[in-house]
Amino acid sequence: MDPESAQPPEGERVSVAGRVMQLRLQGKACFAHIEDESARMQVWFKSDRIGDDAYEVVRLLDLGDIIGVDGVVTRTRRGEPTVLADALTLLVKSLRPLPEKWHGLQDQETRYRKRYLDLLSSDAQRRHFMARSAVVRALRSVLDSRGFLEVETPLLQPIAGGGSAVPFMTHWNSLDIDVFLRIAIELHLKRLLVGGYERVYEIGRVFRNEGLSPRHNPEFTMLEAYQAYANLDDMRELTETLVTTSAMALGPAHPEDGGSAPCDDPLLRRVGGTDLHLHPPFAVRRMVDLVRDATGIDAVAAWDELHDAAHGLGVEVAAQLSPGAVLLEIYEQRVEHTIWEPTFVVEYPADVTPLARRTPHDPRFVERFELIAAGRELANAFSELNDPVDQRQRFEEQARRRAAGDAEAPPIDEDFLEAIEVGMPPAGGLGVGVDRLLMLLTGASNIRDVLLFPTMRPQRQEPMQ
RNA sequence: GCCCCCUUAGCUCAUCGGUAGAGCAGCCGGCUUUUAACCGGUUGAGGGAGGUUCGAUUCCUCCAGGGGGCACCA
C-alpha cells in the first residue's frame with residue numbers, strides 16, 4: 001500500500017496486501033484491518049459477495065496472517081475507506097499469536113530478543129529504527145559530499161590494534177592460528193593514507209570483549225574518517241557538521257521527550273528531559289583549563305605532583321600511572337560528566353594517546369579533542385602521529401604495559417609501523433560511536449533501544465510447543 | 001565483576017502464608033456497516049532448584065534471565 005494510493009477514490013478496483021492486525025467477525029460479514037509498512041487499511045468481507053467457500057477461509061483467519069485482497073474501494077457508514085472484498089488470498093498463515101493488540105508488547109526483554117514482534121506491534125518502533133537509518137545516511141552524505149572514499153577493511157586481524165580494549169578471539173581452522181575481531185578501524189585506514197587516498201572513511205562494526213551495560217554493547221558501530229593535510233580545526237568543523245546534519249536528518253525532538261517547550265528546531269534535542277543545544281559553533285576548552293577551573297589544580301605547573309594532587313581531591317589512582325594518565329583520571333572523574341552543552345575538549349596527555357601528534361608547544365600533550373555533550377563522549381579526534389620513530393617508541397611503551405598485565409594495551413603492530421615508515425601524510429582522524437550518537441540524538445537511555453538486535457545473554461533453548 | 005530491584009496463562013495486568021482472578025489472543029456457538037465490535041460458553045499460569053511451615057506463588061537460600069546503578073569503555 002503506497003501512501004498516495006492508500007485512499008483511492010471510491011469504486012476503484014484495488015488489490016491490497018498486508019498482515020491481519022484486527023478481526024471483527026460478525027456472522028456472515030467480517031471486518032479486518034490489515035497493515036503493511038506504510039499504512040493500515042480496513043477490508044470488508046461479505047459472504048454473499050465473496051462466496052460461501054471463500055468466506056469459510058475468512059472464518060479461519062487469525063491475527064498475524066498475511067493476506068491479499070482484491071476488491072473495490074468503498075466507504076463504511078462511518079466514512080472509513082474500506083476495500084470491499086471480491087477475493088481473498090491467504091499469503092501466509094501465522095502459527096503464533098501476536099502480542100496483545102491494545103497494550104502492545106510491553107516486556108522489555110521480549111522487545112529486545114524478539115524485535116520482530118516489537119516492530120510489528122509498534123508503529124513508533126518502526127519509525128524509530130528508520131530514524132537510525134536516516135542518521136547513518138546523513139553521515140555518509142556529509143562525508144561523500146566532501147570527497148571521502150568509503151572503504152571496507154578487515155574485521156579479522158592477527159593483532160587487534162588502534163585502541164585500548166580486550167578483543168574477541170576466534171580461530172582460523174585451516175591455518176590453525178588465533179585471530180581477533182577488530183577493536184578499531186584506525187590502523188587500516190591510515191595504511192590507506194600511506195597508499196595515497198587522502199580522504200577515507202568506514203562505518204562499521206567493531207567488537208570489544210567487555211561487559212554489557214546500558215551504554216555498552218559488545219559489538220557497536222563506529223565511524224572513522226581520515227583526512228590528509230587536515231588539522232584539528234578542520235576535524236572540529238567536520239565533527240560539528242556530522243553531528244548537526246545527523247540531528248537535522250532525525251527531525252525535531254518529540255514533545256513527550258520533555259524539555260522546556262515543544263519545539264520544531266531539530267538542533268534542540270532532549271536528553272533525560274533536559275534541553276541540549278546543538279547549534280554550532282560548539283565550545284572549545286583545553287583539558288588543563290577545565291581541570292583547573294574545577295579543582296584549582298594547574299596540571300602543567302604541577303605535572304610531577306599530580307599523584308599528590310589527585311590524592312588531595314580524593315581521586316583514587318593507581319601508583320604506577322603516568323602523570324598524564326592521572327590528569328585524565330582527574331578530568332574524567334571531576335569534569336567530563338559535568339559538561340552538558342556540546343564542547344570540544346582539546347589537548348590530551350600524550351601518554352594516554354599513543355597514536356596522536358604531540359603539540360608543538362608542549363610534548364607532554366597531543367593534538368586531540370573529544371566532543372562531549374550531555375556528559376558523554378560523542379567523538380574523538382586527533383592529528384595523527386606520522387613520525388614512525390615516535391610511533392615505535394609509543395608502541396613499545398604500550399607493549400611494556402601489556403607485558404605488565406594490561407590486557408587492553410595492544411601489542412606492537414610491525415606491519416603498521418612498516419607502512420608509516422614509507423611515509424604517511426599528516427592527517428586528521430576522527431572516530432564517532434554511531435550508537436552513542438543515536439542515543440544522544442533520540443534521548444535513549446539504553447543502547448539496546450538504538451540497536452535492532454542488541455546482544456543478549458543466550459537463554460536456555462526451550463522446545464517449541 | 002559488584003550492589004539493588006523484577007520474573008504470575010501466548011500477551012497485558014490483578015491477588016495472596018490457606019482450592020490463583022480478569023481482559024486480549026485461542027477454541028465452540030450466535031450475529032451481513034464493525035472500529036480495542038458485541039453476546040454466551042470454554043481451554044490455559046506464579047522462571048528453575050532447594051529450605052522453613054500443617055500448608056509457600058507469597059518467607060529464606062542458591063541458580064537463570066531481565067531492568068537500574070557502580071566499574072570500564074565508545
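Quick note: numbers below take in every heavy atom, side chains included, and nothing from hydrogens, waters or symmetry partners. Letters A, B, ... are given to chains in the order of the sequence lines, protein chains preceding strands, and every chain is numbered from 1. Everything numeric here is computed off the predicted structure, so don't read it as measured data.
- Checking the phosphate oxygens (OP1, OP2) of B:G66, a side-chain nitrogen or oxygen of A:Arg113 falls inside 4.0 Å.
- At a cut-off of 3.5 angstrom, the base of B:U33 holds no donor-acceptor pair with the side chain of A:Thr82.
- Using a 4.0 Å heavy-atom cutoff across all strands shown, A:Asp435 reaches no nucleic acid atom at all.
- Residue contacts for A:Arg448: at a heavy-atom cut-off of 4.0 Å it reaches the sugar-phosphate backbone alone, with no base atom in range.
- For the pair A:Leu63 CG and B:U35 P, the interatomic distance rounds to 16 Å; values are reported in whole Å.
- Atoms NZ (A:Lys114) and P (B:C11) sit 8 Å apart, rounded to a whole Å.
- Between the CG atom of A:Asn380 and the P atom of B:C73 there is a distance of 12 Å, rounded to whole Å.
- When heavy atoms are screened at a 4.0 angstrom cut-off, A:Leu378 is found touching no nucleic acid atom at all.
- For B:G66 and B:G47, the C1' atoms lie 11 Å apart once the distance is rounded to whole Å.
- Remark: the separation of the P atoms in B:G23 and B:G41 is 10 Å, to the nearest Å.
- Atom-to-atom, NE2 of A:His103 to C1' of B:G10 comes out at 16 Å; the value is rounded to the nearest Å.
- Atom pair A:Leu23:CG and B:C27:P shows a separation of 10 Å (rounding to whole Å applied).
- Minimum atom distance to the side chain of A:Glu100 is reached by B:G23, of the listed B:G23, B:G66, B:U35.
- In the model, A:Ser94 has no side-chain atom that pairs as donor or acceptor with a side-chain atom of A:Asp65 under 3.5 Å.
- Separation of the P atoms belonging to B:C31 and B:A14 is 38 Å when rounded to the nearest angstrom.
- In this structure B:A22 sits in a base pair with B:U12, meeting the Watson-Crick or G-U test at under 3.5 Å.
- Atom C1' of nucleotide B:A25 and atom CZ of A:Arg19 are separated by 15 Å, given to the nearest angstrom.
- Base-pair partner of B:G1: B:C70 (Watson-Crick or G-U wobble, both distances under 3.5 Å).
- A donor and an acceptor atom, one from each side chain of A:Arg448 and A:Thr455, are nowhere located under 3.5 Å apart.
- Rounded to the nearest Å, the gap between the P atom of B:U42 and that of B:C3 is 50 Å.
- Its glycosidic angle being within 90° of 0, B:G46 falls on the syn side.
- To the nearest 0.5 Å, atoms NE2 (A:His277) and CD (A:Glu341) are separated by 6.0 Å.
- Within the nucleic acid shown, A:Gln26 comes within 4.0 Å of at least one base atom, counting heavy atoms only.
- The aromatic rings of A:Trp44 and A:Phe31 lie parallel to each other, their planes meeting at an angle below 30°, with 60° marking the opposite boundary.
- A donor atom on one side chain and an acceptor atom on the other are not found under 3.5 Å apart for A:Tyr112 and A:Asp118.
- B:U57 sits 11 Å from B:U19 when the P atoms are compared, rounded to a whole Å.
- Pairing of B:U32, defined by two Watson-Crick or G-U wobble distances under 3.5 Å, is not identified with any nucleotide.
- To the nearest whole angstrom, the two C1' atoms, one in B:U58 and one in B:U15, are 10 Å apart.
- Among the atoms of the strands shown, only primed sugar atoms or phosphate atoms (P, OP1, OP2) are found under 4.0 Å from some heavy atom of A:Glu408.
- The base of B:U33 has none of its N or O atoms less than 3.5 Å from a complementary donor or acceptor on the side chain of A:Glu80.
- Annotation: A:Asp53, atom CG; neighbour count of heavy atoms from other residues, nucleotides and ligands within 6.0 Å does not exceed 12.
- Using a 4.0 Å cut-off, some side-chain N or O of A:Arg78 falls inside it from OP1 or OP2 of B:U35.
- Within 4.0 Å of A:Ser213, counting heavy atoms only, lies at least one base atom of the nucleic acid.
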Give the intermediate values and the outcome of side-chain contact (heavy atoms from CB on, under 4.5 Å) for residues A:Arg376 and A:Glu336.
CA-CA 7 Å; A:Arg376 309 179 204 159; A:Glu336 189 177 79; over 6 Å; no

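- Taking atom P on both B:G69 and B:C63, the two are 23 Å apart, rounded to the nearest angstrom.
- Base contact: A:Gly27 has a heavy atom under 4.0 Å from a base atom.
- For the pair A:Phe45 CZ and B:A37 P, the computed distance is 15 Å after rounding to whole Å.
- If you take atom P in B:G48 and the same atom in B:C11, they sit 14 Å apart, rounded to whole Å.
- The residue A:Asp107 sits close only to the backbone: its heavy atoms come under 4.0 Å of sugar-phosphate atoms, none of a base.
- Between A:Gln22 and B:A37 there is a side-chain N or O to OP1 or OP2 distance below 4.0 Å.
- When both distances must be under 3.5 Å, the Watson-Crick or G-U wobble mate of B:G46 does not exist.
- Protein atom CG of A:Asp62 is 17 Å distant from nucleotide atom P of B:G10, rounded to whole Å.
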Apply side-chain contact (heavy atoms from CB on, under 4.5 Å) to the pair A:Leu328 and A:Tyr348, showing each step before the final yes or no.
CA-CA 8 Å; A:Leu328 183 67; A:Tyr348 277 62; 4.0 Å; yes

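- Checking B:U58 for Watson-Crick or G-U wobble geometry (two distances, each under 3.5 Å) identifies no partner in any strand.
- Checking the phosphate oxygens (OP1, OP2) of B:U33, no side-chain nitrogen or oxygen of A:Arg77 falls inside 4.0 Å.
- Across all strands shown, A:Met456 has heavy atoms under 4.0 Å from sugar-phosphate atoms exclusively, and none from any base.
- Residue-level contact check: A:Gly163 touches neither bases nor backbone, having no heavy atom under 4.0 Å from any strand.
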